[in-house]
Every structure is written in structure tokens, then in C-alpha cells.
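Here is the structure we will look at, set down as C-alpha cells.
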Amino acid sequence: MVASPSTARQTTDLTLAPARQRVFSGMQPSGNMHLGNYLGAIRNWVRQQDQYENVFCIVDLHVLSQPIAPRTLRQNTIGLASVMLAAGIDPGRSVLFVQSDVREHAELSWMLNAVTQFGELNRMTQFKDKSAGKKDEAVSAVLFSYPVLQAADIILYDTDLVPVGEDQKQHIELARDIAERFNARYGETFVVPKPDIKAEGARIMALDDPSKKMSKSDARPNAAIALEDDIDTIRRKIKRAVTDSGGEVRLAPDKPAVSNLITIYGLLSGDSVAEIEARYAGRGYGDFKADLAEVVVGAIGPIQARLADLHANPEHVRAILADGADRARAIAAAKMGVVRERMGLGAG
Ligand code: TYM
């Protein structure tokens, strides 16, 4: 009998409430998590925890697309888990685990390579950006096949929704295409996931250049606010943030820098754009930026306080990840059994 994907979901992990839609999302442990990661992703994961069944993954295999020292990778993994927990991911309501602790991700990725086309991967904007100007020897095959692993991450868990920032949209669309193609070729096996990209905060821009998104890989010192920046650094970076010509605090397409700052202010304070514009009417950028700095510090400060406790207790974080991996593995192993069968792999 061909089990429907939703039946598979309901029987794989009884600790999760079966009636809810499943959310899956991931983040790379590449260090320097910033305000864009928080507003575009983590904050939404935290806020939606009660609404969905949640699976959150620290995608360490994806980080191998660039050379990284093993010690650094391990530290970053525990560091990112600590940030997620400090930001409010609750292991009682969400599965939190490390990708490489569940071998099925790498295994499914190989199988999905069989239903992915070279041209599709070659068209991925992130691949084009990250490989641009580099010699062939400097571009790893991991960078090229990266979106296939991402598709495996997502569809392994019969995911309904993938909450991400705007930059991941193309990868989620490819995951949909891969799931549909697999289902068409081998029979209904995977739920086809949908991206969950919010209208606000899905693309936080660099503070020093509103034409570029805030990014972990940016070497420019005032481009991003890191979640672990100290209070003085946050204040200084916001003070130095570029603004637009004309002094008004107004959200408008011709005011990309100020619009980005208003978006950050609004998301972190809960105030509407209209309230913010009215509050600073006739007051100029100085007052606005000074208050924005306090809004950011007020939001990040409590996360940093919890983070300090977690940094002091990495064994506690490891225990949460080990438990998360066990729960994730139960779902992933059942799904891989179906995939192997469908594809005729193994001795049977
Ligand atoms: P990563 O680690 O680069 O980013 C993690 C999340 O942060 C979002 N984000 C932003 N949101 C708003 N403004 C920004 N400036 C900004 N910068 C980053 C990203 O959109 C993302 O949601 N390939 C993924 C990791 C991944 C994944 C997955 C995600 C691997 N497997 C499965 C979802 C599902 C990545 O590199 O994200």
C-alpha cells in the first residue's frame, strides 16, 4: 500500500501534535548571526512555535561549501544552537538538531541529485554570486549541489511551510520542483513545501549600503549588527548608518536607507510605520537613530543575557541537540525507508 505523506507524518513521531502543519527551517553555523537572520528568520520561528509542529536545523554540512577549520565549525554549531535557544526556540515545542547528526540528510541529497538537472543548479542566483570571479578550482562541488541538500533537509520531514528570508525563495522553489519530480517519477512520496516569507523583514539591508542585503560574509565593519555585538558597538553602528537625502523619517522607495531603519524599528518595537513616521515628523534623523539604537538594544539585550548563561553551560546545549537529533532521526529514517523502496535501492 502506498501510504500518503500525511499518514507517514502522523505515525513517525507521536511526541509531535499530528493535527498541525509542519514547519522546517535551517540556518548555517557560519558565525556572526546578525539582525537580518533574526528578523527574517529566527524571530518568526519563535513567534509561530505554538501554531505549527516545528523542526529547526543547524545546517553544518552546508557550511562545507567554503573551507572552514574543524574546531571553528564545531564552535559555531554550539554557538548558533545557543543563539536559537536564547532567542526563544523552546525544545519543548520544537525539535532543534544538527544536520550532520542525522545521516539521512546526506543520503537523501544523493538520491535527489538523480532528479535534479545541471541547468537548474547552474541558474541559482546564490551559486552565481558566490562563484562569480572565482577560478574553477576554487568553487567546490558542494557549493554547486548545495540547493539539493537544502531540498533534502526540507522534504525529508514532509514539511508544509519553510519560514525564510527573501534570499532563500529560489532554493525553496527548487525544493518544490524536486519534490514534484520525484513524486511524478516514483509515486507520491513527499509533501511539496511552500515558502513562508513575511512582507516585513524578509530582506534587511546593510546599514552602510541599502542596496546590499545584510550578510554574514560581509567584511565591512558597519554593514551588519551582529546578535552578539555589545551595546556600545550597536549604538555606534546605528549612529554611523547611512541615511538618505532630505531629513524626513518616512518609508518610501526613494528612501531605501531610512526605510530599512524604520522596518527594523517597527519589527522590534511593535509600532506601526505610521506611528513611527508621526513620532519623528519634523525631528530629523538624529533623534530617530538615537531611539532606534535603544529599541535594538532593548530587543537584543535579553537575548544576550540568556546567551551568556548558555555559553557557560555548553553541555546543556549539547544535550538538547542530542535529544533533537533522536527525534528528527525517527522521522527521517522512516521516510528514507520509503524512498529506498520507491527507488529500488538495496537488496530489499
Ligand atoms: P542562512 O544561514 O544564510 O540564513 C538563515 C536565515 O536568515 C535569513 N536571512 C535574512 N533575512 C532577512 N534579511 C537578511 N539580510 C537576511 N540574511 C539572511 C535567510 O533567508 C534564512 O532564512 N541555505 C540556507 C540554510 C538552509 C535552509 C535549509 C533554510 C539549509 N537548509 C532548509 C531553510 C530550509 C542559508 O544559507 O541560510
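Whatever order the structure lists ligands and atoms in, that order sets their numbers, starting from 1.
Side chains of Asp153 and Gln99: a donor-acceptor N/O pair is present below 3.5 angstrom, by distance only. If you check the side chains of Ser215 and Asp218, you find no donor sitting under 3.5 Å from an acceptor.
Test Asp60, Leu64, Val59 against His62 for side chain to side chain contact (heavy atoms under 4.5 Å, CB included) and you get one pass: Val59. Tested against Pro193, the residues Leu161, Val23, Ile155 include a single side chain to side chain contact (heavy atoms under 4.5 Å, CB included) partner, Ile155.
Using a 4.0 Å cut-off between a side-chain N of Lys or Arg and a carboxylate O of Asp or Glu, Asp208 and Arg240 do not qualify as a salt bridge. Under a 4.0 Å N-O distance rule, the pair Glu277/Arg250 does not qualify as a salt bridge.
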Could you go through ligand 1 and note, for every N or O atom, any protein N or O atom closer than 3.5 angstrom, writing the atom names and distance to 0.1 Å, or 'none'?
unit_1	atom_1	unit_2	atom_2	d
ligand 1	2 (O)	Gln28	N	2.9
ligand 1	2 (O)	Lys216	NZ	2.9
ligand 1	7 (O)	Asn37	ND2	3.1
ligand 1	11 (N)	Gly36	O	3.1
ligand 1	13 (N)	Ile204	N	2.9
ligand 1	15 (N)	Ile204	O	2.8
ligand 1	15 (N)	Met214	O	2.9
ligand 1	20 (O)	Gly165	N	2.9
ligand 1	20 (O)	Asp167	OD1	2.4
ligand 1	22 (O)	Gly165	N	3.1
ligand 1	23 (N)	Tyr146	OH	2.8
ligand 1	23 (N)	Gln150	OE1	2.8
ligand 1	23 (N)	Gln168	OE1	3.1
ligand 1	31 (N)	Asp153	OD2	2.7
ligand 1	36 (O)	Gln28	NE2	2.8
ligand 1	36 (O)	Tyr146	OH	2.7

